[in-house]
Amino acid sequence: MIPSTEKFDVIVAGAGPGGSAAAMKCAQNGFRTLILEKRRLPRDKVCTGMVMGEWAKSIIPEEFGNIPPGVLIDPGHLSGHMVHVPGVPTRVIECRTPIAWRKDLDSWMNEEAAKEGVKIKDRSRVVAVSHDDRGCDLIIEDDEGRKEFRAKFLVGADGATSVVRRSLFPTLKVRYSSPIRECYEGSLNIERDYCHWFFPKSLPRPRFDLHHKGDFFLIEGSGIRELREDIRLILADYGFSINAQPLWRDGCAIALLHNELITGAFSPALGNTLLVGDAAGLILPITFEGIGTALKSGLLAADAVSEAAGHGGGAGEIYLQKLELLLLAVKKFHGLQEDLDSAAAHGASELAKDLKGAYEETLKYI
Ligand SMILES: Cc1cc2nc3c(=O)[nH]c(=O)nc-3n(C[C@H](O)[C@H](O)[C@H](O)COP(=O)(O)OP(=O)(O)OC[C@H]3O[C@@H](n4cnc5c(N)ncnc54)[C@H](O)[C@@H]3O)c2cc1C
């Protein structure tokens, strides 16, 4: 038997940056707010953990405070990025960038949200959502079984494989990419205070990145499997052993919804249910950074909830208007990504130059 329904003004599914930002702002605006997180907290996330781009860099201190030094992982701040295309000089992008394990960064943001009154319930997986004119009902599974929750407003911050998105748009076909992360002990003879982006085929994709965190170095990317031999050959120059075995390996999904967002085939809100961050497909083309867009869309969702509660009307419509700037950014960088394919046709040098330009553009734009 399902126990009686617990009610909140706002329920946020997912305790990542998008969920924390949305929930904290809603609580600050006086709403009784609950985060439901399927995993045990603190939890890690497949992510380089770079606080990159102007939005992430400004929203975190403004909303959560300065990142405590203990949250960052050595080297603490990267000096920037290096773009490696075979046969041409490495291109360097200077850009001071905090770096952390997501477990620590997200846990700190969860704590700051809790201080503002957000209730956080972990090990609670949202399994079903139904919507009506006055709000929505959620069924969750936790250690004790199934429970029901009801809220006037729902924020789906439940990442790339969002259950909330599926409840709103059950027929939407979503393409996914499947990046893998491998963690090795030690360090390589390469600048450890830079994130290194490698383009072994002299094409914008597939790519992989290499970065250091404390006593480890990590190799990440969607093309790691197909690039296995290239990775060994390229990294051998920096001391990567042919016999090196990762301490661990994990992976995740990225929802590729840029086309659908640009054409309007998918609008990430309906009624009083709003999707933010990766659930909304807002991971950026080119760099595939998404902490900044998750934070920004989380805050916009919270603003929309406040306005809808104050003046009436659906929060979704208000949110979609607020989201226009973000959608323009997705469109702009999606176009730039296509330009990179043309640059590759003009040779490695042209590709390296344009990759550097495109990365710089995303980093300074949002
Ligand atoms: C390899 C890789 C490297 C990356 N590196 C960077 C980087 O350096 N910088 C950057 O800005 N971006 C980076 N990104 C992108 C970034 O990780 C995401 O865009 C960002 O985490 C999105 O935040 P979010 O809050 O939307 O979702 P998430 O951080 O994914 O959080 C979603 C949360 O929802 C929970 N959840 C899921 N389903 C349910 C459910 N049914 N019920 C309850 N809870 C649920 C999940 O457990 C999770 O905690 C990287 C991504 C990848 C794949």
Side-chain angles (χ1 to χ4, degrees), residues 11-23 34-57 59-60 78 81 97-103 105-107 109-110 120-129 138-142 149 154-167 176-183 195 197 207-209 211 213 218-224 250-256 268 275-284 286-298 301 362-363 366:
I11 291 182
V12 177
S20 284
L34 170 71
I35 292 182
L36 293 167
E37 164 59 47
K38 72 176 176 186
R39 303 206 14 220
R40 179 194 296 272
L41 295 174
R43 63 97 181 93
D44 203 30
K45 151 92 179 72
V46 179
C47 181
T48 316
M50 294 183 287
V51 178
M52 58 206 292
E54 288 310 309
W55 281 352
K57 282 182 176 174
I59 289 172
I60 291 180
L78 299 179
H81 305 267
T97 305
I99 184 164
W101 290 108
R102 283 289 300 277
K103 185 178 181 179
L105 182 67
D106 291 15
S107 171
M109 289 196 278
N110 290 165
I120 303 179
K121 189 169 158 27
D122 67 351
R123 289 182 289 163
S124 303
R125 176 191 295 269
V126 176
V127 290
V129 187
L138 293 95
I139 297 180
I140 65 124
E141 276 175 3
D142 66 10
F149 289 86
L154 172 62
V155 177
D158 49 343
T161 55
S162 171
V163 167
V164 178
R165 185 180 64 225
R166 226 175 306 136
S167 76
Y176 293 96
S177 75
S178 312
I180 292 173
R181 167 171 77 160
E182 292 183 343
C183 179
C195 180
W197 303 89
R207 70 169 191 198
F208 71 93
D209 80 77
H211 60 278
K213 275 182 170 155
L218 293 101
I219 300 172
E220 279 174 359
S222 295
I224 282 192
D250 58 7
C252 69
I254 292 179
L256 301 171
L275 301 172
V276 308
D278 281 9
L282 293 173
I283 194 165
L284 281 182
I286 312 244
T287 54
F288 280 79
E289 71 196 77
I291 295 175
T293 46
L295 291 164
K296 182 73 178 178
S297 54
T362 62
L363 291 171
I366 51 178

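Quick caveat: nothing in here was measured; it's all calculated off a predicted structure. Counting starts at 1 for both ligands and their atoms, following the listed order. Values reported hereafter were calculated over all heavy atoms of this structure, with side chains retained and with hydrogens, waters and symmetry mates removed.
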What donor-acceptor contacts under 3.5 angstrom involve side-chain atoms of residues 43-50, with partners at least two apart or in another chain?
residue, atom, partner, partner atom, Å
R43, NH1, D106, OD2, 2.9
R43, NH2, D106, OD2, 2.9
D44, OD1, R102, N, 3.4
D44, OD1, K103, N, 2.9
D44, OD2, R181, NH1, 3.4
D44, OD2, R181, NH2, 2.9
T48, OG1, E220, OE1, 2.6

Write 'none' if nothing qualifies; otherwise put on separate lines each N/O atom of ligand 1 with a protein N/O atom under 3.5 Å away and their distance to 0.1 Å.
residue, atom, partner, partner atom, Å
ligand 1, 5 (N), T48, N, 3.1
ligand 1, 5 (N), T48, OG1, 3.3
ligand 1, 8 (O), G49, N, 3.4
ligand 1, 8 (O), M50, N, 2.9
ligand 1, 9 (N), M50, O, 2.9
ligand 1, 11 (O), G290, N, 3.2
ligand 1, 11 (O), I291, N, 3.0
ligand 1, 12 (N), G290, N, 2.9
ligand 1, 14 (N), F288, O, 3.4
ligand 1, 17 (O), K45, NZ, 3.3
ligand 1, 17 (O), R102, NH1, 3.1
ligand 1, 19 (O), D278, OD1, 2.7
ligand 1, 19 (O), D278, OD2, 3.3
ligand 1, 21 (O), R102, NH1, 2.8
ligand 1, 21 (O), R102, NH2, 3.0
ligand 1, 25 (O), P17, N, 3.3
ligand 1, 25 (O), G18, N, 2.9
ligand 1, 26 (O), D278, N, 2.9
ligand 1, 29 (O), R102, NH2, 2.8
ligand 1, 41 (N), V126, O, 3.1
ligand 1, 42 (N), V126, N, 2.9
ligand 1, 44 (N), K38, N, 3.1
ligand 1, 47 (O), E37, OE2, 2.6
ligand 1, 49 (O), E37, OE1, 2.6
ligand 1, 49 (O), E37, OE2, 3.2
ligand 1, 49 (O), R43, NE, 2.7
ligand 1, 49 (O), R43, NH2, 3.2

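- Under a 3.5 Å cut-off, the side chain of R125 and the backbone N or O of E141 do not form any donor-acceptor pair.
- Here the side chain of S297 pairs a donor or acceptor atom with the backbone of G277 at under 3.5 angstrom.
- Residues satisfying the side-chain contact (heavy atoms from CB on, under 4.5 Å) test with T287, not counting sequence neighbours, are M52, L284, E289, Y359, T362.
- Applying the side-chain contact (heavy atoms from CB on, under 4.5 Å) test to A13 and every residue at least two apart in sequence or in another chain returns V126, D158, V164.
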Original post:
Passes side chain to side chain contact (heavy atoms under 4.5 Å, CB included), N110 versus D122? Steps please.
Top reply: CA-CA 11 Å; N110 290 165; D122 67 351; over 6 Å; no
